[in-house]
Amino acid sequence: MTNEQVAARLEQIADLLKVEEENVFRIRSYERAAEAIRGLGADLRDIRHAEGGLRSISGVGEGIANVIAEYLNTGEMTYLSELSARYPEGFLELLKIPGLGPKRAGLLYRELGIGSVDELEEACIRERVRAVPGMGAKSEQKLLEAICKYWEGRGRALLGEMLPKAEGMVEWLRALPEVRYAACAGSARRGKETVGDLDLLVTSDDPAAVCRAFATSGILVEVELAGETKVSGMIAGGRQVDLRVVEPRSWGAALVYFTGSQQHNIRLRERAQARGLRVNEYGVYRDPGEGQPLGEPIAGETEESLYAALELAWIPPELREDRGEIAAAAEGRLPELIELAHICADLHLHSEYSDGKLTIEEHARAARELGYTHIGITEHSPALHIAGGIGAEDIRQQREEIDALNERYRADGMQFTVLLGQEANILGDGSLDADDEVLSLVDYMIGAIHSGMSGDADTITGRVVTAIRSGKIDMLSHPTGRILLNRDPYGLHIAEVIEAAVEHDVALEINASPDRLDLSDVHARLAVERGAKLTINTDAHRLRDFAFMRYGILTARRGWVGAEAVVNTWPLERLRGWLRSRR
DNA sequence: GCCGTTTTCGGCCCGACTGTTTTCAGTCG
């Protein structure tokens, strides 16, 4: 029973309540509780037994606490079961069809008995939908198109795939003479690990010209809507892009609005309301009172001015998830977040000794060009045959090569050092497949699980904790094993792992590979709150992988992580001192 | 259903677009 499972069930309750046309505030309570639980680092089962219990979670009151407690105790959620029993299996999937909301989904079920996406598709094709009151031929056609798109582009895409595309389009827009400012907004700007669509925002004194240029540029392979201030369509690969153009004086307000998150925006408007102000995508206004038109905006040309009008410090986009950032901004205790420029080392790299494509020297050159002062080469260990794992003999050779390389750098007056590590497998009993000779040759050791991932949570946690306690590993790589959009994290009691890592001074990795980003943002936040050290590494196998570091940084920032906790920001001597202290 | 340097009761974010409507409901972000 993971937090995610609880959150997903609360969301299902919210969806079903919408279909039942229940009180909207009650619905929002369930949605907020679900979001709050997603943003928790700690395990709900631990929170329940801690001081304050489940109700210490903001947005969880008596009612929802009881619903969660029942689920944690029995694996049942009676309220959800009762609600969902009124609808066929697969009914809630209908709500994922863009343009079909809860009201009309409920209507279609009651009128036509439609209980799944398949049934809806068939009903549209047979032109039965148009007979339903409030629906017409046009709605039917739109639904059919929406279903096709849903089948095609189901789900989300990796940030690492989408952010470069967004930035390419922003560059293109900036080059237009009519464009003043252009930026990527939405979840991509917040650095969320996966994104659904891309939101681009532009200011211009001639919006129509910008829209026309974008719509006819060929960037969109399919244009769905091309208005005076808004263009949407699909880029190659089937992803939705929305471009919006606003007046320059609304730039900041629009950027906040389109960056989100939704919950963050709601909190901002609540705060505005409490101060007799109104916030929308055009600016901040004094509340003119019931039914009166808004006057001139008092802020909104920049993001800073909007936040300032609400007596808040500017909040970095990565934090805008309604996870306590507004209170922190109000009280002047927003964290100093880590930045890419703080990174001076990449400590998890694979060379051609195992499954990498670069020589050690090529790795070093790539790192120097990024301004790093040191790197660590960390091949797989023998148990990982398929990835060319290496043992003591090869490690000895690497040691010699690296020592010679460092000597040469020193002779050339170059401030650059290559460290030797290894990424050893944590075996079934928690031991490492690295012998004493290897341990004596390397500068540090990374532990990772690459096998037996389907074991139960207690077993896997036990293995990892044993490895941490052994004192033989200095870092734990991709701790939860997730592959985004592909493989769930293995069951692992992350709080226990973090606790052990703090106690034994082992650094937990944020693996920056875009399909991992593991630790996740919320786990990273929990880890630094508990006092753990982190390491952010690209796990690079080839040249282009070095660029992954930015995704690791974005994830760390979303986890409220500062530079100090991350060993990759430390100068070499400090890193060495720490490693020595652990021997 | 949640929550309180406006409140333990009475509030709870905002605007645009669309289609099917003759004045608005549903959906989205």
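Model, not experiment: these values are computed from the prediction. Order of the sequence lines fixes the chain letters, A, B, ..., with proteins taken first and strands second; residue numbering starts at 1 for each chain.
The same atom, C1', is picked in B:dG1 and in B:dT5; the two are 24 Å apart, to the nearest Å. To the nearest whole angstrom, the two C1' atoms, one in B:dT20 and one in B:dC24, are 9 Å apart. Rounded to a whole angstrom, the distance from the C1' atom of B:dC14 to that of B:dC9 is 25 Å. B:dT23 and B:dG29 have their C1' atoms separated by 25 Å, given to the nearest Å. Across the C1' atoms, B:dG11 and B:dC17 are found 29 Å apart, a figure rounded to whole Å. Comparing B:dG10 with B:dG15, their P atoms are spaced 26 Å from each other, to the whole Å. Distance check on atom P: B:dA16 versus B:dT22 gives 23 Å, rounded to whole Å. B:dT8 and B:dC3 have their P atoms separated by 16 Å, given to the nearest Å.
Judged by distance alone, the side chain of A:Gln240 and the main-chain N or O of A:Asp197 form no donor-acceptor pair under 3.5 Å. For the pair A:Arg557 (side chain) and A:Ile338 (backbone), a donor-acceptor distance under 3.5 Å is present.
As the counterpart of B:dT8, no nucleotide is assigned, since no Watson-Crick or G-U wobble pattern has both distances under 3.5 Å.
Distance check, rounded to the nearest 0.5 Å: CZ of A:Arg48 to CG of A:Leu72 gives 4.5 Å. Atom CG of residue A:Leu112 and atom CE of residue A:Met135 lie 8.5 Å apart, to the nearest 0.5 angstrom.
Taking atom CD of A:Glu311 as the reference point, atom P of B:dT5 lies 15 Å away to the nearest angstrom. For A:Arg26 and B:dC2, the CZ to P distance is 9 Å, given to the nearest whole Å. Look at CG on A:Asp287: it is 12 Å from C1' on B:dC14, rounded to the nearest Å. The CG atom of A:Leu268 sits 12 Å away from the P atom of B:dC14 (whole-angstrom rounding). Between A:Leu107 atom CG and B:dG19 atom C1' there is a gap of 14 Å when expressed in whole angstrom units. Rounded to whole angstrom, the span from the CD1 atom of A:Ile68 across to the P atom of B:dG1 amounts to 13 Å. The CG atom of A:Leu294 sits 10 Å away from the C1' atom of B:dG15 (whole-angstrom rounding). Atom CD1 of A:Ile13 and atom C1' of B:dG1 are 11 Å apart (whole Å).
Residue-level contact check: A:Val279 touches the backbone only, with heavy atoms under 4.0 Å from sugar-phosphate atoms and none from bases. Within the 4.0 angstrom heavy-atom criterion, no nucleotide atom of any strand lies near A:Lys230. Counting non-hydrogen atoms under 4.0 angstrom, A:Leu225 reaches the backbone sugars and phosphates but no base.
Within residues 206-215 of chain A, no residue places a heavy atom under 4.0 Å from DNA chain B.
A search for salt bridge (charged side-chain N to carboxylate O under 4.0 Å, His left out) contacts involving A:Arg550 returns A:Glu167, not counting sequence neighbours. Applying the salt bridge (charged side-chain N to carboxylate O under 4.0 Å, His left out) rule to A:Glu304 yields no partners; only residues at least two apart in sequence or on another chain are considered.
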Check against salt bridge (charged side-chain N to carboxylate O under 4.0 Å, His left out), A:Arg28 and A:Glu31: CA-CA 5 Å; A:Arg28 192 188 296 162; A:Glu31 288 177 327; 5.9 Å; no
Steps toward salt bridge (charged side-chain N to carboxylate O under 4.0 Å, His left out) verdict (A:Arg239, A:Glu222): CA-CA 10 Å; A:Arg239 292 287 155 185; A:Glu222 185 188 329; over 6 Å; no
Nucleic acid footprint by protein, nucleotides 20-29 of chain B - heavy-atom cut-off 4.0 Å, B for base, S for sugar-phosphate alone: S-----SSSB
Nucleic acid footprint by protein, nucleotides 6-12 of chain B - heavy-atom cut-off 4.0 Å, B for base, S for sugar-phosphate alone: B-----B
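At a threshold of 4.5 Å between non-hydrogen side-chain atoms, the residues A:Pro102 and A:Glu20 do not count as touching. A 4.5 Å side-chain heavy-atom check between A:Arg190 and A:Glu321 finds at least one atom pair inside the cut-off.
Summary of the strand contacts: A:Arg278 and A:Ser58 both lie near DNA chain B, and taking for each the nucleotide with the nearest heavy atom, the more 5' one is attributed to A:Ser58.
Tested against A:Thr480 for a side-chain hydrogen bond (donor to acceptor under 3.5 Å, both in side chains), the candidates A:Asp518, A:Asn511, A:Asp488 yield a single pass: A:Asp518.
Within the structure, every pair that satisfies the ring-ring contact (aromatic ring centres under 6.0 Å, His included) test and touches residues 94-113 of chain A, not counting sequence neighbours, is listed here: A:Tyr87-A:Tyr109, A:Phe91-A:Tyr109.
In terms of phosphate contacts, A:Tyr282 brings a side-chain nitrogen or oxygen within less than 4.0 Å of OP1 or OP2 of B:dA16.
Smallest separation of non-hydrogen atoms from A:Leu277 and A:Arg286: CD2-CA, 4.0 Å.
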